[in-house]
Amino acid sequence: MSDKTQRHDLVAERRAKLQALREEGFAYPNDFRPDAAVDAVVSTFGDLDGETLEERGVEMRIAGRMMTRRVMGKASFAHLDDGSGRLQIFVKRDALGDEGYAGFKQLDLGDIVGVEGSLFRTKTGELSLRVSSLRLIAKCLRPLPEKFHGLKDPELRYRRRYLDLIMNPEVRDIFRKRAEMLRVARGLLDAQGFLEVETPMMQPLAGGAVARPFTTHHNALDIALYLRIAPELYLKRLVVGGLQRVYEINRSFRNEGVSTRHNPEFTMLEAYQAWGDCASMMELAECLLQTLVADIAGTSTLEYAENTLNFSADFRRVTLTDAVLEACPELETKDTRNTARLIEVLQARGLEPPPATGWGKLLVALFEHTVEPTLIQPTFVTDYPLEVSPLSRAQDGDAEMVERFELFIGGREIANGFSELNDPEDQARRFEAQLRERAGGDEEAMLFDHDYVRALEYGMPSTGGIGIGMDRVAMLLTGSESIREVLLFPLLRPEPESD
RNA sequence: GGGCGGUUAGCUCAGUCGGUAGAGCAGUGGCCUUUUAAGCCAUUGGUCCAGGGUUCGAGUCCCUGACCGCCCA
């Protein structure tokens, strides 16, 4: 026998059983309809004692995947998982007949079966279904992972997420929570009069963020297109157009590495509010996070990576400059805009200063290394340098600083918001500065979006905007320390030939 | 890109000093009418990630590479 054939023995045995069913004409029936879901059955009848159940004679049809099995000579127990929960079934030869019971014994773990019967309680008190008839609905041709330890190998879990979902119920819960998170976020924004919109994911110019885009090509128009790195510039065009409160929750794409915190495609919530500003967007972020934690965790705290995150009080606020000064005692207040001194401090800490830049990027680099990992409790960092904020409105009293914040939780950036820059001439100057940086070798610097400036020339109300990394929020809400745990199909290198 | 760890049966994992490759679960055959990681008896199943080297002999030691994970850039 070839190696490959041997490896397939377990599958071959199951295929043979399927073949036998085909010959009887019962391979993949489509006429079984369950009339009850396990979670509903448990919540309706879970409190009744055995006597009451017998008196009521509760009959039902359940369908599910057989996950465990305890076969005895003339009676057996098994657990069916129907996606909502697990219910034990009790199968007796007396009820099914010799042929029926032999058919049950032919089933394999993983098979999807439909059963009909009545509820009862076993000797140990478990709510169970006494089966009067049983049918195979869909054969499981491949053996399931080990029933007790489940599927642990992270690579297999991500590549075959269906198996992960079959074997690890807590994974299903993560994605239910993720869906709930998105529902709650939409509900909150809808209630505040925001309009959900969809703007292009394929853009002729990838703008709105500092990142490298994926490139593609449109054949009929023969033009390059870029997968968006952010929806920002389109959403603000809508504010110009009079849609004064808009939001979008959808994917953006950045052509960067893969890590526990980054996936090339990720889900961002962006919201823009005419007559809002940096301060009102902070309030919105705080309200949204508190609502999500309350609705999904049911409390005002989250356990995350050995920390208890507290969302009950107002989030802490600190300026970027003060945070850096606190973390770097060797830096004096007078030197926070001193390029040479900032480079010294970075190098003294063994950090590579970004090449040929002003004090703004240096100060942010210092912040990212010395402060960011320490911001465990929800913290708004405010007052960012204009140099690193090409779409933000400058502060009235300080031309080198903008009205901007970032929200950090668990040592990670969760949200970024600001008073939008609505002065088209200032915006044009900012784009020009970005082009100079690009010419200086910064491939991530923004391109000049002439139509966006033209839109601003028609007049945009003063506006506040915010972007929230929803994958990272999902990580917090589900206690996941890797972004892959909250993405159904995270990007992996393509699988080599395999069966 | 760098560092560390990993890769052994379908799954979860052992494998000592370099000396015939193991367990549990799953599978197969049998016993068993209240089990629940069911139990009992018997039993099948291996490209030890790949390639090279050292050695009488390599899952084990050395080198190169692949893939995965974690950390750093």
Side-chain angles (χ1 to χ4, degrees), chain A residues 1-17 50 53-54 65-81 86-98 100-102 104-111 117 119-131 139-160 163-164 166-168 256-262 305 346 349-355 365 368-369 372-373 411 480-485 490-499:
Chain A
M1 227 188 292
S2 77
D3 298 324
K4 198 148 197 166
T5 313
Q6 285 205 331
R7 243 185 297 146
H8 276 194
D9 266 353
L10 293 173
V11 177
E13 283 163 4
R14 294 185 178 212
R15 278 194 197 281
K17 292 178 185 174
L53 284 172
E54 299 289 355
R65 189 185 297 279
M66 189 166 69
M67 300 302 292
T68 66
R69 195 169 50 147
R70 295 166 291 285
V71 178
M72 293 164 287
K74 302 184 182 66
S76 299
F77 289 92
H79 275 106
L80 299 189
D81 183 327
R86 284 190 188 189
L87 184 70
Q88 181 170 260
I89 62 172
F90 182 45
V91 181
K92 283 201 296 185
R93 193 183 63 177
D94 293 352
L96 294 188
D98 286 348
Y101 192 67
F104 169 78
K105 289 207 279 189
Q106 279 288 301
L107 295 177
D108 289 294
L109 287 180
D111 285 352
L119 284 180
F120 75 110
R121 262 182 207 289
T122 63
K123 204 155 71 177
T124 57
E126 180 167 347
L127 185 68
S128 305
L129 194 74
R130 185 186 292 112
V131 171
K139 186 76 190 159
C140 180
L141 290 173
R142 291 168 178 265
L144 292 181
E146 210 255 341
K147 64 185 173 189
F148 186 64
H149 297 94
L151 182 65
K152 289 196 166 165
D153 177 11
E155 185 179 359
L156 271 181
R157 287 186 49 231
Y158 301 144
R159 286 197 193 281
R160 305 190 193 171
L163 261 190
D164 189 29
I166 288 170
M167 297 308 299
N168 301 318
E256 292 162 3
V258 172
S259 77
T260 49
R261 301 172 191 203
H262 297 91
L346 277 163
R349 288 172 171 265
L351 304 169
E352 186 68 25
E368 284 173 354
H369 285 98
E372 187 170 327
S480 305
E481 293 189 44
S482 167
I483 195 171
R484 296 188 195 106
E485 293 297 330
L491 182 72
L492 299 175
R493 192 175 293 276
E495 190 175 15
E497 189 193 347
S498 149
D499 56 14

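Throughout, protein chains are lettered first and strands after them, A, B, ... in sequence-line order, and every chain is numbered starting at 1.
- At the phosphate of B/G10, neither OP1 nor OP2 sits under 4.0 Å from any side-chain N or O atom of A/R142.
- Each of A/T68 and A/Q106 was matched to the nucleotide of RNA chain B holding its nearest heavy atom; the match closer to the 5' end belongs to A/Q106.
- Within the 3.5 Å criterion, the main-chain N or O of A/S482 finds no donor-acceptor partner in the side chain of A/S480.
- A salt bridge links A/E155 with A/R159: the closest approach of a Lys/Arg side-chain nitrogen to an acidic carboxylate oxygen falls below 4.0 angstrom.
- Among the atoms of the strands shown, none is found under 4.0 Å from any heavy atom of A/L144.
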Which atom pairs link the protein and nucleotides 69-73 of chain B when you take only N or O atoms and keep those under 3.5 Å?
residue: B/G69; atom: OP1; partner: A/R484; partner atom: NH1; Å: 3.4
residue: B/C70; atom: OP2; partner: A/R484; partner atom: NH1; Å: 3.1
residue: B/C71; atom: OP2; partner: A/T260; partner atom: OG1; Å: 3.3

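- Between A/R69 atom CZ and B/C25 atom C1' the separation is 13 Å, expressed in whole Å.
- At least one donor-acceptor pair under 3.5 Å links the side chain of A/R14 to the backbone N or O of A/C140.
- The interatomic distance linking A/M72 (CE) with B/U34 (C1') rounds to 6 Å, in whole Å.
- Atom P of nucleotide B/C25 and atom NE2 of A/H79 are separated by 19 Å, given to the nearest angstrom.
- Considering only side-chain atoms of A/K92, the nucleotide from B/A37, B/U33, B/U35 that sits closest is B/U33.
- B/U12 is paired with B/A23 under the Watson-Crick or G-U wobble criterion, all donor-acceptor distances under 3.5 Å.
- The side chain of A/E146 has B/U12 as its nearest neighbour among B/A26, B/U34, B/U12.
- Considering only side-chain N and O atoms, A/R93 lies nowhere under 4.0 angstrom from the phosphate OP1 or OP2 of B/U33.
- Checked by distance alone, A/E126 brings no side-chain donor or acceptor within 3.5 Å of a matching partner on the base of B/U34.
- A salt bridge links A/K17 with A/D108; the closest basic N to acidic carboxylate O contact falls under 4.0 Å.
- B/U7 is paired with B/A66 under the Watson-Crick or G-U wobble criterion, all donor-acceptor distances under 3.5 Å.
- Straight-line distance between the P atoms of B/G19 and B/C71: roughly 36 Å, to the nearest whole Å.
- Remark: C1' of B/U12 and CZ of A/R157 are 14 Å apart, rounded to the nearest angstrom.
- We find that CZ of A/F104 is positioned 14 Å from P of B/U33, with the value rounded to whole Å.
- Under the Watson-Crick or G-U wobble criterion, with both distances below 3.5 Å, B/C31 is paired with B/G39.
- Atom name P, nucleotides B/A50 and B/C67: the rounded distance is 15 Å, in whole Å.
- A side-chain N or O of A/S128 and one of A/Q88 form a donor-acceptor pair less than 3.5 Å apart.
- The side chain of A/K74 places an N or O atom within less than 4.0 Å of a non-bridging phosphate oxygen (OP1 or OP2) of B/U33.
- Comparing the same atom, C1', in B/C31 and in B/G57 gives a spacing of 46 Å after rounding to whole Å.
- Rounded to the nearest Å, the gap between the P atom of B/A37 and that of B/U47 is 33 Å.
- Between A/F148 atom CZ and B/C13 atom P the separation is 12 Å, expressed in whole Å.
- Under the 4.0 Å criterion applied to side-chain N and carboxylate O atoms, A/R65 and A/D81 are not assigned as salt-bridge partners.
- Where A/G73 and A/H149 each meet RNA chain B at their nearest nucleotide, the meeting point lying more 5' is that of A/H149.
- Rounded to a whole angstrom, the distance from the P atom of B/G69 to that of B/G27 is 31 Å.
- In this structure A/D98 satisfies the salt bridge (charged side-chain N to carboxylate O under 4.0 Å, His left out) test together with A/R93, sequence neighbours excluded.
- Residue A/K105 places no side-chain N or O under 4.0 Å from the OP1 or OP2 atom of B/G29.
- For A/Q106 and A/Y101, the side-chain atoms include no donor-acceptor pair closer than 3.5 Å.
- A/D111 has its CG atom 10 Å from the P atom of B/G27, to the nearest Å.
- Under the Watson-Crick or G-U wobble criterion, with both distances below 3.5 Å, B/U54 has no partner in any strand shown.
- Using the six-membered ring where Trp is involved, A/F90 and A/F77 have ring planes that are parallel, under 30° apart on the 30 and 60° scheme.
- Separation of the P atoms belonging to B/U20 and B/G5 is 28 Å when rounded to the nearest angstrom.
- Across all strands shown, A/D94 has heavy atoms under 4.0 Å from base atoms, whether or not it also approaches the sugar-phosphate.
- Judged as a salt bridge (charged side-chain N to carboxylate O under 4.0 Å, His left out), and not counting sequence neighbours, the contacts of A/R130 are A/E54.
- On the C1' atoms, B/C13 is 13 Å away from B/G6, given to the nearest whole Å.
- Nearest nucleotide to the A/R493 side chain, out of B/C67, B/U12, B/U35: B/C67.
- Nucleotides B/A9 and B/G3 have their C1' atoms positioned 33 Å apart, rounded to a whole Å.
- Regarding A/K152, its NZ atom lies at a distance of 17 Å from the C1' atom of B/U7, rounded to whole Å.
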